[in-house]
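Presented below is the structure to which this report refers.
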Amino acid sequence: MKLWEKRFKDRKEDPFLEKFNASITEDFFLFGAEIEASRAYAKALHKAGILSENELKIILDGLDKVVEKVKNGIDARQYEDVHTLVESLLIDEIGDVGKKLHTGRSRNEQVVTDEKIWLRHRLIGLIELLKELQGTVIKVAEENFDVIFPGYTHLQQAQPVLFSHYIMSLFWALERDKERLLMALKRLTTLPLGSGALAGTSVPLDRDFLAKELGFREPTENSMDTVADRSFLIDALFAISMIALDLSRYAEDFIIYSSREFGFLELEDHISTSSSLMPQKKNPDFFELIRGKTGRFVSYLNSLIVTVKGLPMTYNKDLQEDKFPIFRAVSEIEEILVAFNKCLKGIHPVPEKIREKMDSFMLATDLVDYLVGKGIPFREAHGIVGEIVFTAQKEGKELRELSIEELRKFSDVFDEAVYEVCDFEKSIKNKKTYGSTNPEFVRKQIEKAREILKS
Ligand code: ARG
């Protein structure tokens with residue numbers, strides 16, 4: 001049965017095409033929001049004089065019964081979409097009064113109303129998950145506060161840093177991810193209902209009342225824009241993709257750092273897997289999956305962007321394709337955040353192994369700074385140290401292994417104090433800038449992060 005079947009005479013359904021047209025298998029997730037919005041709409045119809053007090057009561061009770069019925073299990077596939085499902089079931093339950101609920105209402109506005117209500121709850125949930133993960137990051141940073149770690153650029157050892165500084169970098173990426181979700185949440189504060197199919201409705205609905213009932217700040221300003229707009233979904237999909245992109249980089253780091261070649265991180269057994277063939281294997285599958293699933297999110301974002309491109313105003317059925325990407329993206333990023341949080345708790349830096357692999361030439365910049373301290377212009381100092389590095393590496397020596405006499409061949413300002421500079425701890429403690437890896441600043445950074453999490 002179709003709610004619009006009277007438009008045709010003896011229309012013979014082609015079951016294949018009916019199924020092709022239907023979105024019920026993809027939009028059933030909006031059921032809760034559809035009920036919530038229908039309740040508010042019934043109240044607004046009552047306020048507008050369309051429903052009597054008694055009819056309103058019958059409809060509200062009827063909607064309760066629909067919820068009950070769906071909970072007990074129905075075959076949803078016979079309905080076109082979640083909106084027709086609720087309306088049809090309501091009419092089944094309460095008869096003719098149920099036929100008044102759709103007065104002045106269009107699925108074009110229902111769908112965006114439901115999506116905004118649903119997404120609001122889920123984005124708030126995502127923000128909570130991000131906060132939990134940020135809490136874990138702080139914990140890992142504090143537990144390994146003093147561990148010295150090689151900082152990389154170009155995947156080449158660059159300068160020594162604190163492991164805590166490295167891992168806290170994730171905190172700030174997640175903080176930006178949170179801000180992006182908050183921005184996406186802001187896009188959900190205007191109420192679509194009352195826009196009708198595209199032109200508004202002759203029913204004198206109090207849209208401010210409707211907005212309040214459904215937790216929106218205010219009604220939208222233009223009914224045509226309202227039923228055409230899906231940018232609020234694109235904003236959310238972008239925010240979600242960024243979370244995945246950020247996590248993929250750290251997942252990649254942990255995969256490399258836990259390899260035999262690096263050996264910097266030990267992964268607990270429960271976040272590792274093995275091989276069906278090679279009994280010795282300890283694989284970082286979960287981090288690989290987190291890295292690998294990132295492609296999906298970019299596709300979800302991309303698919304909706306392409307769907308919207310060049311669409312004529314206002315509603316077009318193409319827009320029904322918005323459900324799959326947003327539902328999948330939200331559900332899957334929730335899983336990824338939970339998985340990443342669990343796995344992050346199971347990584348442990350191994351200081352001795354890290355120390356073994358730390359390249360002493362990471363202190364070359366500190367040597368330049370030492371020469372600058374002796375009054376040599378930076379560019380010149382850079383050149384002197386460049387020559388020292390070249391010579392030492394040619395002779396197979398570490399920086400510290402060069403004697404004062406050898407160093408003086410490059411510049412006569414060298415004295416014994418240079419050996420104090422050639423030290424990873426000193427290099428780290430020597431950093432003077434806010435936001436640097438200096439332990440004092442890292443402590444401040446963690447303090448600030450804690451405050452942010454509390455607020
Ligand atoms: N299932 C539809 C969607 O998700 C609801 C809106 C249908 N509107 C219409 N005029 N056919 O887009």
Side-chain angles (χ1 to χ4, degrees), residues 141-142 144-169 172 249 253 256-257 259-265 349-448:
E142 281 180 331
N144 304 284
F145 188 86
D146 293 317
V147 175
I148 290 179
F149 207 67
Y152 285 83
T153 65
H154 312 268
L155 200 52
Q156 306 286 333
Q157 293 199 6
Q159 287 187 310
V161 293
L162 288 181
F163 177 78
S164 46
H165 189 54
Y166 159 69
I167 203 70
M168 278 302 290
S169 65
W172 304 104
R249 299 182 69 176
D253 271 8
I256 303 179
Y257 294 162
S259 68
R260 187 184 175 90
E261 286 72 12
F262 280 72
F264 294 173
L265 295 180
V350 190
E352 319 77 57
K353 289 216 175 146
I354 297 169
R355 195 48 88 105
E356 259 170 47
K357 295 277 167 69
M358 299 250 314
D359 178 2
S360 72
F361 290 97
M362 279 197 288
L363 297 165
T365 313
D366 300 273
L367 211 54
V368 175
D369 292 344
Y370 164 89
L371 292 176
V372 168
K374 297 272 181 198
I376 298 178
F378 172 83
R379 187 50 60 210
E380 211 174 293
H382 185 277
I384 293 169
V385 176
E387 282 171 356
I388 293 174
V389 169
F390 180 84
T391 308
Q393 291 192 343
K394 204 175 68 189
E395 291 171 8
K397 285 183 177 166
E398 297 291 328
L399 266 190
R400 285 188 74 90
E401 287 170 2
L402 297 171
S403 66
I404 275 293
E405 292 70 42
E406 283 173 301
L407 286 171
R408 287 217 173 110
K409 281 186 203 144
F410 297 94
S411 166
D412 53 16
V413 303
F414 279 113
D415 56 25
E416 290 292 331
V418 70
Y419 296 108
E420 275 173 42
V421 172
C422 284
D423 179 90
F424 295 132
E425 277 88 354
K426 292 244 165 58
S427 165
I428 288 170
K429 287 202 174 121
N430 228 350
K431 298 291 178 288
K432 306 279 190 305
T433 47
Y434 182 81
S436 70
T437 190
N438 183 321
E440 305 260 318
F441 288 117
V442 177
R443 236 171 243 117
K444 281 203 177 117
Q445 190 188 148
I446 293 178
E447 240 168 69
K448 184 158 186 184

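Just the heavy atoms: all of them, side chains too, but no hydrogens, waters or symmetry mates, feed the values below.
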Work out which heavy atom in [X] is nearest to a heavy atom in [Y]; give both atom names and the distance.
X	Y	value
Arg355	Glu425	NH2-OE2, 3.0 Å
Ser164	Val442	OG-CG1, 3.7 Å
Pro439	Leu162	CA-CD1, 3.8 Å
Pro160	Met358	CB-CE, 4.1 Å
Ile376	Ala381	CG2-N, 3.7 Å
Cys422	Leu363	C-CD1, 3.5 Å

Out of curiosity, [X] [atom1] to [Y] [atom2], how far, rounded to the nearest 0.5 Å?
X	Y	atom1	atom2	answer
Gln393	Glu398	CD	CD	8.5 Å
Arg443	Ile446	CZ	CD1	8.0 Å
Glu142	Met168	CD	CE	8.5 Å
Ser436	Ile428	OG	CD1	10.0 Å
Ser411	Ile384	OG	CD1	4.5 Å
Ser360	Asp423	OG	CG	11.5 Å

Is there side-chain contact between [X] and [Y], with at least one heavy-atom pair below 4.5 Å?
X	Y	answer
His165	Phe441	no
Lys432	Asn438	no
Pro150	Asp359	no
Lys426	Asp366	no
Ile388	Leu407	yes
Ile354	Phe163	no

Pair Lys394, Glu387 - check salt bridge (charged side-chain N to carboxylate O under 4.0 Å, His left out), show working. CA-CA 11 Å; Lys394 204 175 68 189; Glu387 282 171 356; over 6 Å; no
Between Lys431 (side chain) and Ser427 (backbone), is there a donor-acceptor pair under 3.5 Å?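 Yes.
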Apply side-chain contact (heavy atoms from CB on, under 4.5 Å) to the pair Asp369 and Asn430, showing each step before the final yes or no. CA-CA 10 Å; Asp369 292 344; Asn430 228 350; over 6 Å; no
Test side chain to side chain donor-acceptor pair (under 3.5 Å) applied to Lys374 - qualifying residues, sequence neighbours left out: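 Asp415.
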Could you check Thr437, Asn144, Asp253 and say which one makes a side-chain hydrogen bond (donor to acceptor under 3.5 Å, both in side chains) with Tyr166?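 Testing Tyr166 for a side-chain hydrogen bond (donor to acceptor under 3.5 Å, both in side chains) against Thr437, Asn144, Asp253 leaves exactly one candidate, Asp253.
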What about the rings of Tyr257 and Phe149, do their centers lie closer together than 6.0 Å?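 Tyr257 vs Phe149: aromatic centres under 6.0 Å.
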Please collect all ring-ring contact (aromatic ring centres under 6.0 Å, His included) contacts where either partner lies in residues 376-427, sequence neighbours excluded, each pair once.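 Every ring-ring contact (aromatic ring centres under 6.0 Å, His included) pair that includes a residue of residues 376-427, provided the two are not neighbours, is Tyr370-Phe414, Phe378-His382.
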For Lys429, is the NZ atom crowded, meaning more than 12 foreign heavy atoms sit under 6.0 Å from it?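 Check fails, neighbour count at 12 or below.
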Counting neighbours of CD on Glu401 that are heavy atoms of other residues, nucleotides or ligands and sit closer than 6.0 Å, is the number greater than 12?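 Yes, enclosed.
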Listed by chain and number, what are the side-chain contact (heavy atoms from CB on, under 4.5 Å) partners of Ser403, not counting sequence neighbours?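 Ser403: side-chain contact (heavy atoms from CB on, under 4.5 Å) contacts with Glu405, Glu406.
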Check the pair Val418, Arg400 against side-chain contact (heavy atoms from CB on, under 4.5 Å), reporting the backbone distance first and the verdict last. CA-CA 9 Å; Val418 70; Arg400 285 188 74 90; over 6 Å; no
